[in-house]
Amino acid sequence: MVMRIVDLRSDTVTRPTDAMREAMASAEVDDDVLGYDPTARRLEEEMAKIMGKEAALFVPSGTMGNLICVMVHCDVRGSEVILGDTCHIHVYENGGISTIGGVHPKTIKNEEDGTMDLVAIEGAIRDPKGSTFYPSTRLICLENTHANSGGRCLSAEYTDRVGEIAKRHGLKLHIDGARIFNASVALGVSVHRLVKAADSVSVCLSKGLGAPIGSVIVGSQSFIEKAKTLRKTLGGGMRQIGVLCAAALVALQENLPKLQSDHKKTKLLAEGLNKMKGIRVNVEAMETNMIFMDMEDGSRLTAEKLRKSLTEHGILVIPENSSRIRMVIHHQITTSDVHYTLSCLQQAVQTIQEPCQN
Ligand SMILES: Cc1ncc(COP(=O)(O)O)c(C=O)c1O
Ligand SMILES: C[C@@H](O)[C@H](N)C(=O)O
């Protein structure tokens, strides 16, 4: 019997749709290193227009997109970047900006809402007069939505304030916009307004948009030209990438409109979880497509016990720690999957908390 699978591990787990596969199979392609791939060019022009920037570049992953942007902005030895202590660039990218990029990280505490305190940002900027001893601050990085705070959205006004600080000190601003479309839909603000103050943005095609592979970075024409050279240096120059970009173009058409529904399903799941004995979810803080489900002290519940029980029912999740599980909704999770997950979890919670009654 084929087991029902409900994959809540991440929004990176989606499978290409039939329309994506058809587009991939019939994509018009050419060598994107020797010249340019026409389908890649279409995607890049589309993304630059949507994001309100001069130019765009397809890259194999969000990690490489962030690395390239940081390295282009911080192209002088001794550069330092100000970024959040729980941001993806600092936590999940193997320290690449330092080990490969030679850029020094200056972390600031991420607040619960994914922002960094504005006074702390400005206070972290190195005094150029201290350059005998200190690195030189060249870049500030934000992340919108902020994954480790549960997919929280940064407002356009907050981003503008950080942009003003950067400009005042002659710095650049990069946004890790892996889920910027989720922020745009949740806030009801266009993506180009959200990133107006940014000098560069890295946008994942392979998350909520549901494309199988890739990201796009956007910025000025001169920035993207430097980024293209660095992409090749890092081994990211690829040939007939129209095969991948064709799927991304379908994703933009098909899945962008579905993000609102992803967020609705997230709220439905969060509200259901919050009613369960021993489980706590900050429903208000679940602004987009992510849920952090916490186990209350003394509830006998642990992330591993629940993960194991859910897996037995085909529901896949990733524990954040011993008492927290993250669940991520995407366009291939149905409302019925949400109800199924709630029913299985209710059963697991009951079994774990009242073993003798079962
Ligand atoms: C906020 C954020 N930025 C960047 C990335 C990196 O993207 P990729 O997995 O394509 O390298 C991810 C997740 O994958 C992410 O969640
Ligand atoms: C873990 C992280 O790299 C990935 N972006 C995710 O959110 O699933």
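Residues in residues 55-77 take part in no salt bridge (Lys or Arg N to Asp or Glu O under 4.0 Å) pair, two or more places apart or across chains. Screening residues 229-247 for salt bridge (Lys or Arg N to Asp or Glu O under 4.0 Å) gives D31-R239, D32-R231 as the qualifying pairs, with residues at least two apart or on separate chains. Evaluation of the ring-ring contact (aromatic ring centres under 6.0 Å, His included) test over residues 306-335, restricted to residues two or more places apart or in two chains, returns none. Applying the salt bridge (Lys or Arg N to Asp or Glu O under 4.0 Å) test to pairs two or more places apart or on separate chains, those with a residue in residues 169-188 are D11-R179.
Remark: E164 does not engage R168 in a salt bridge, criterion side-chain N to carboxylate O under 4.0 Å.
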| field | Audit row: R193, D160, salt bridge (charged side-chain N to carboxylate O under 4.0 Å, His left out) steps and yes/no | value | CA-CA 10 Å; R193 176 62 191 90; D160 290 352; 2.5 Å; yes
| task | Carefully, step by step, assess R42 and E45 under the rule salt bridge (charged side-chain N to carboxylate O under 4.0 Å, His left out). | result | CA-CA 5 Å; R42 267 179 53 220; E45 286 169 355; over 6 Å; no
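Proximity of a side-chain donor or acceptor of K106 to a complementary backbone N or O of A124 within less than 3.5 Å is not detected. The closest donor-acceptor contact from the side chain of E28 to the backbone of G242 lies at 3.5 Å or more, if one exists at all. Without hydrogens or angle criteria, Q332 side chain to R15 main chain gives a donor-acceptor distance under 3.5 Å. Between the Y158 side chain and the M116 main chain, a donor and an acceptor come within less than 3.5 Å of each other. E287 places a side-chain N or O within donor-acceptor distance of the main-chain N or O of C153, the cut-off being under 3.5 Å.
By the 4.5 Å side-chain criterion applied to Ile, Leu, Val, Met, Phe, Trp and Tyr, F133 is assigned to a cluster that also includes Y134.
Not counting sequence neighbours, D85 has no partner by the side chain to side chain donor-acceptor pair (under 3.5 Å) test. Shown here are the salt bridge (Lys or Arg N to Asp or Glu O under 4.0 Å) partners of D337, two or more places apart in sequence or in another chain: R4. Residues that satisfy the side chain to side chain donor-acceptor pair (under 3.5 Å) test with K258, not counting sequence neighbours, are N255. In this structure, the ring pair (Phe, Tyr, Trp, His ring centres under 6.0 Å) partners of H73, at least two apart in sequence or on a different chain, are F223. Annotation: side chain to side chain donor-acceptor pair (under 3.5 Å) contacts of N282 (sequence neighbours excluded): none. With sequence neighbours left out, the ring pair (Phe, Tyr, Trp, His ring centres under 6.0 Å) criterion links H88 to Y92. Under the rule for a side chain to side chain donor-acceptor pair (under 3.5 Å), the partners of T17 that lie at least two apart in sequence or sit in another chain are E254.
Counted by atom type alone, T63 and S61 present zero donor-acceptor pairs between their side chains at under 3.5 Å. There is a side-chain donor-acceptor pair under 3.5 Å between N110 and T86.
I175 pairs in a side-chain contact (heavy atoms from CB on, under 4.5 Å) with only one of the listed residues (N144, V162, N66), which is N144.
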